[in-house]
**Student:** 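Handing you this structure, nothing more for now.
Proteins come first, then strands; the chains are lettered A, B, ... in the order of their sequence lines, and each starts at number 1.
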Protein chains: 2
Amino acid sequence: MSLELTPVQAVACCAPLAREPLSESDAEGIAPLLKALADPVRLRLMSLVASHQGGEACVCDLNDAFELSQPTISHHLKILHEAGLLDREKRGVWVYYRARTGALRNLAALIGGQAA
Amino acid sequence: MSLELTPVQAVACCAPLAREPLSESDAEGIAPLLKALADPVRLRLMSLVASHQGGEACVCDLNDAFELSQPTISHHLKILHEAGLLDREKRGVWVYYRARTGALRNLAALIGGQAA
DNA sequence: GGAAGACATTGATGAATGTAAATATTTACG
DNA sequence: CGTAAATATTTACATTCATCAATGTCTTCC
């Protein structure tokens, strides 16, 4: 176990935005998660994976959904994976990504949670 | 009324990420909202305003919460305002910002909404 | 009207970001 | 083994971004 929190661990640590002021360190932990989501391509990638049958999708399927180069899609997937929003599993030649729905729920609770 | 949607209007338009694949145009409408939130300073600003008594806060209070120049805070507030996350009202010499909690709730529903 | 205070805008700069081309790595299959 | 296919990494580049210093605008009060 590491002392460094992944962004996804960081988001489970604090009260909703509207409940009490976010601390500086908490904000610095959470911002990378939002930054990972704050791109149209990555938003669609997350949605494609999360809504895909079985909760996972193969990179081969994802590449075809965009008019972007394969390295670019790979780059975006890496960012989502390193943020902790996507799990990665290699099966044979193919790589499957799976959405961490718990992370999405925690993030949603932080953003939209009740004030009191 | 304009044909151009503000980011905050754009977020009310679609099913949760995990329910069905986000369209390209929807993703391009929502990403700016997340980008506006995806900064530690702006996250804290949103939280400070949203959790402040009365749901609003004066810029004078906000400036003191950071070790950043006044123009920098003004810049971040403008970004949050243009994204539609903060309302702006001038009263005398002071300017008050108010959190659009509905926008935050819509965004949370989009991110963390049930798959089915 | 002039000075002071609150906030916004402009201009400049270094850092981070999205993308693609080229290349590398890994796996399967003959 | 050697070739093909799937995915990742490296390198390079143009764009965007966060920040500050300087300046501008607007309001209040003397």
**Student:** Look up atom CD in A/E56 and atom CD in A/E89, then write down how far apart they are to the nearest 0.5 Å.
**Tutor:**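 Nearest 0.5 Å value for the CD-CD distance: 6.5 Å.
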**Student:** Within the pair B/K90 and D/dC26, is there a side-chain N or O less than 4.0 Å away from OP1 or OP2?
**Tutor:**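 The answer is no; no side-chain N or O of B/K90 sits under 4.0 Å from OP1 or OP2.
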**Student:** Rounded to whole Å, how long is the line connecting atom CH2 of A/W94 with atom P of D/dT7?
**Tutor:**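 Those two atoms, CH2 and P, are 8 Å apart.
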**Student:** Determine the contact category for B/I73: base if any of its heavy atoms lies under 4.0 Å from a base atom, sugar-phosphate if only primed atoms, P, OP1 or OP2 are that close, otherwise nothing.
**Tutor:**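 Touches nothing.
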**Student:** Figure out the NE2/P separation between B/H75 and C/dT13, and round it to whole Å.
**Tutor:**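 Rounding to the nearest Å, NE2 of B/H75 and P of C/dT13 are 17 Å apart.
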**Student:** In whole angstrom, give the distance that lies between atom CG of B/N63 and atom P of D/dT19.
**Tutor:**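 For the pair B/N63 CG and D/dT19 P, the rounded distance is 13 Å.
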**Student:** Tell me: CG of A/D39 to P of D/dT15, nearest whole Å?
**Tutor:**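 After rounding, the reported distance stands at 17 Å.
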**Student:** Across the strands shown, which category fits B/Y96 at heavy-atom distances under 4.0 angstrom: base, sugar-phosphate, nothing?
**Tutor:**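 No contact.
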**Student:** Under 4.0 angstrom, heavy atoms only, what part of the nucleic acid is B/L77 near: base, sugar-phosphate, or nothing?
**Tutor:**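 Contact class for B/L77: none.
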**Student:** Look at the side-chain N and O atoms of A/T72 and state whether any lies under 4.0 Å from the OP1 or OP2 oxygen of C/dT19.
**Tutor:**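 So the side chain of A/T72 is outside the cut-off, no N or O lying under 4.0 Å from OP1 or OP2 of C/dT19.
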**Student:** Whole angstrom is fine here: how far is it from CG in A/L45 over to C1' in C/dG18?
**Tutor:**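 It is 13 Å, rounded to the nearest whole Å.
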**Student:** What nucleotide among C/dC7, C/dT19, C/dA6 has an atom nearest to a side-chain atom of A/L68?
**Tutor:**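 Closest of the options to the side chain of A/L68: C/dT19.
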**Student:** I want to check one thing: is the phosphate of D/dA8, taken as OP1 and OP2, less than 4.0 Å away from some side-chain N or O of A/R88?
**Tutor:**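 Looking at the OP1 and OP2 atoms of D/dA8, one of them is under 4.0 Å from a side-chain N or O of A/R88.
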**Student:** Can you identify which nucleotide, out of D/dA5, D/dA8, C/dT9, has its nearest atom closest to the A/S74 side chain?
**Tutor:**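 Closest nucleotide to the A/S74 side chain: D/dA8.
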**Student:** Tell me if a side-chain donor or acceptor on B/H76 pairs with a main-chain N or O of B/R42 at a distance below 3.5 Å.
**Tutor:**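 Looks like no, no N/O pair under 3.5 Å.
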**Student:** Regarding B/R42, tell me which of base, sugar-phosphate or nothing describes its non-hydrogen contacts under 4.0 Å with the strands shown.
**Tutor:**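 Result for B/R42 = sugar-phosphate.
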**Student:** Report yes or no: does A/H52 contribute a side-chain atom to a donor-acceptor pair with the main-chain N or O of A/A57 at less than 3.5 Å?
**Tutor:**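 It does not hold such a pair.
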**Student:** Within this structure, what is the CD-to-C1' distance between B/E67 and D/dC20, rounded to whole angstrom?
**Tutor:**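 Rounded to the whole Å, the gap is 15 Å.
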**Student:** Give a yes or no answer on whether the side chain of B/R98 reaches the backbone of B/G54 with a donor-acceptor pair at less than 3.5 Å.
**Tutor:**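 Such a contact is found between B/R98 side chain and B/G54 backbone.
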**Student:** Mind checking if B/Y97 touches a base, just sugar-phosphate, or nothing, with heavy atoms under 4.0 Å?
**Tutor:**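 It contacts sugar-phosphate atoms only.
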**Student:** How many whole angstroms separate atom NZ of A/K35 from atom P of C/dA16?
**Tutor:**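 It is 9 Å, rounded to the nearest whole Å.
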**Student:** Side chains of A/L45 and A/F66: closer than 4.5 Å at any heavy-atom pair?
**Tutor:**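 Side chain of A/L45 against side chain of A/F66, heavy atoms only: contact under 4.5 Å found.
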**Student:** So which one's nearest nucleotide on DNA chain C is more toward 5', A/V41 or A/P71?
**Tutor:**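 Mapping each residue to its closest nucleotide by heavy atoms, the 5'-most match is A/V41.
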**Student:** In this structure, how many angstroms lie between the C1' atom of C/dT19 and the CD atom of A/Q70, rounded?
**Tutor:**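 Nearest whole value for this atom pair: 13 Å.
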**Student:** With a 4.0 Å cut-off on heavy atoms, is A/H76 in touch with a base, just the backbone sugar-phosphate, or nothing at all?
**Tutor:**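 The residue A/H76 makes sugar-phosphate contact but no base contact.
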**Student:** Verify, without hydrogens or angle tests, whether B/S47 (side chain) and A/L17 (backbone) share a donor-acceptor contact under 3.5 angstrom.
**Tutor:**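 Here the side-chain-to-backbone pair exists.
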**Student:** Taking the nucleotide of DNA chain D with the nearest heavy atom to each, does B/G92 or B/I79 sit closer to the 5' end?
**Tutor:**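 Mapping each residue to its closest nucleotide by heavy atoms, the 5'-most match is B/I79.
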